[in-house]
Structure formats: C-alpha cells, structure tokens
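Data block below; observations after.
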Amino acid sequence: MNEEYVELVLSAVELVPPGRVASYGDIAEFVGRGGARQVGQVMSRHGAAVPWWRVVRSDGQPARGHEQEALARLEAEAAPTRAGRVDMDRGRFDFGETSPRMNFHRGSQGP
DNA sequence: AATTTGACGACCG
DNA sequence: TCGGTCGCCAAAT
C-alpha cells in the first residue's frame with residue numbers, strides 16, 4: 001500500500017462534511033482502488049489525521065474499537081444517529097454531489 | 001507458497 | 001434483528 005493511495009483515501013475522507021458520513025465501501029468506490037478493507041487499513045494507521053469518525057460501516061455502526069469516541073463526535077455535529085448507529089438513509093454523504101473539479105484523483109478533465 | 005489478519009460488506013436462515 | 005458464512009484485497013506471517 002503506497003503513500004499515494006493513503007493520501008487519496010485521506011483526501012476523500014476530508015470531503016465528508018460535518019454531520020454526514022461515508023462507509024468504508026463508499027470511500028473505496030470513490031477513490032476507485034482497493035476495497036473497503038484497504039480503506040480500513042488506511043484509517044487504522046493514518047486516520048488520526050482526518051475526521052475518521054465520519055467513516056462508518058455500511059450498516060451505520062462506527063469503527064470497531066472506537067464506538068464511544070465516534071458516537072460522541074457524530075452526535076456533537078448533529079449526525080442522524082439512532083440506537084448507537086448512524087441512520088445511513090439520512091446521514092450518508094453522496095460523493096456524487098461533490099464539485100466535478102474534485103475528480104483530481106481520477107485524472108479526468110471533467111465534463 | 002500457504003495461511004492468517006484486519007477501523008469491511010453482502011447474503012442467508 | 002442477529003449470528004454465521006463467505007467474498008474481498010493487500011499485507012504480514
């Protein structure tokens with residue numbers, strides 16, 4: 001796993017606004033490389049540098065081993081949580097709504 | 001080279 | 001809703 005990939009993932013995480021979340025799989029799909037587990041690896045080793053609590057599991061549960069901390073932060077920024085998990089229908093951030101210019105990582109020229 | 005290990009995810013009974 | 005199971009993907013044993 002190279003540095004470029006790590007930066008790519010961290011950059012994607014930083015796009016998620018306060019009060020919204022993205023699943024590991026969402027991030028993986030957005031960056032277009034690796035899978036949810038690779039994103040998990042990056043977050044595990046380098047997540048401290050970004051709003052890591054906005055990356056949750058596909059079912060809305062916070063990162064393994066960081067449930068308390070993540071929930072506290074998510075609730076503090078008014079993310080839609082219920083019974084210890086994020087309501088993904090309401091809280092999931094759709095990367096499709098990001099500015100087309102954010103395609104930097106895919107080397108595209110945009111529409 | 002084979003197996004195990006993860007801040008994971010989809011399916012199924 | 002809740003476990004169990006299998007698939008995934010790269011890295012570490």
Side-chain angles (χ1 to χ4, degrees):
Chain A
M1 189 154 324
N2 57 53
E3 272 303 317
E4 183 194 353
Y5 180 70
V6 172
E7 292 307 320
L8 221 42
V9 170
L10 297 183
S11 297
V13 174
E14 290 179 323
L15 295 178
V16 182
R20 306 292 296 292
V21 301
S23 73
Y24 293 88
D26 291 340
I27 302 291
E29 181 182 13
F30 182 66
V31 306
R33 285 214 247 157
R37 306 199 82 133
Q38 278 48 250
V39 172
Q41 286 299 309
V42 172
M43 293 309 284
S44 175
R45 307 177 200 194
H46 316 279
V50 295
W52 56 266
W53 56 91
R54 292 178 198 147
V55 183
V56 302
R57 296 197 246 166
S58 62
D59 62 0
Q61 295 178 47
R64 285 247 154 101
H66 299 264
E67 291 83 3
Q68 296 310 125
E69 172 80 351
L71 259 304
R73 286 179 175 282
L74 288 168
E75 282 165 12
E77 56 188 48
T81 67
R82 248 172 43 179
R85 69 170 192 68
V86 177
D87 178 341
M88 295 309 277
D89 289 334
R90 295 195 298 137
R92 167 174 262 132
F93 172 64
D94 179 2
F95 282 98
E97 71 190 52
T98 57
S99 166
R101 282 190 295 88
M102 285 313 287
N103 287 331
F104 66 89
H105 59 286
R106 272 179 275 184
S108 85
Q109 306 302 325

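FYI, side chains are in, hydrogens and waters are out, and symmetry mates aren't considered; it's all heavy atoms of this structure. Labels below follow one simple rule: chain letters A, B, ... track the order of the sequence lines, proteins then strands, and each chain is numbered from 1. On a predicted model such as this, the values are computed, not experimentally measured, just so you know.
Here A:Ser44 lies in heavy-atom contact (under 4.0 Å) with a base. The residue A:Gly65 sits apart from the nucleic acid: no heavy atom pair falls under 4.0 Å. Residue contacts shown for A:Ala63 include a base, since a base heavy atom lies under 4.0 Å away.
Checked against salt bridge (charged side-chain N to carboxylate O under 4.0 Å, His left out), A:Arg45 has no partners two or more places apart in sequence or in another chain.
Here A:Glu67 contributes atom CD and A:Leu74 contributes atom CG; the two are 11.5 Å apart, rounded to the nearest 0.5 Å.
Of the possible donor and acceptor atoms, one in the side chain of A:Ser11 sits under 3.5 Å from a partner among the backbone N and O of A:Glu7. Panel note: side chain A:Thr81, backbone A:Gly84; no donor-acceptor pair is recorded below 3.5 Å. The closest donor-acceptor contact from the side chain of A:Arg54 to the backbone of A:Val16 lies under 3.5 Å. Listed for the A:Arg92 side chain is no donor-acceptor partner under 3.5 Å among the backbone atoms of A:Ala22.
Using a 4.5 Å cut-off between side-chain heavy atoms of Ile, Leu, Val, Met, Phe, Trp and Tyr, with links allowed through other members, A:Tyr5 and A:Tyr24 fall into the same hydrophobic cluster.
Nearest-nucleotide mapping onto DNA chain C: of A:Arg45 and A:Arg37, the residue sitting toward the 5' end is A:Arg37.
For the segment residues 80-89 of chain A, no residue has any heavy atom less than 4.0 angstrom from an atom of DNA chain B.
In this structure, A:Glu29 atom CD and C:dC8 atom C1' are separated by 15 Å, rounded to whole Å. As a whole-Å value, the separation of A:Tyr24 OH from C:dC9 C1' is 16 Å. In this structure, CD1 of A:Ile27 is placed 22 Å from P of C:dC8, rounded to the nearest angstrom. At whole-Å resolution of the value, CD in A:Gln41 and P in C:dC9 are 14 Å apart.
Residues A:Asp94 and A:Arg20 approach most closely at N-NH2, 4.2 Å, considering heavy atoms.
For A:Arg73 and A:Glu77, the salt-bridge test fails: no basic side-chain N is under 4.0 Å from an acidic carboxylate O.
Where DNA chain B meets chain A (any atom under 4.0 Å from a heavy atom), the bounding nucleotides read 5' to 3' are B:dG6 to B:dA10.
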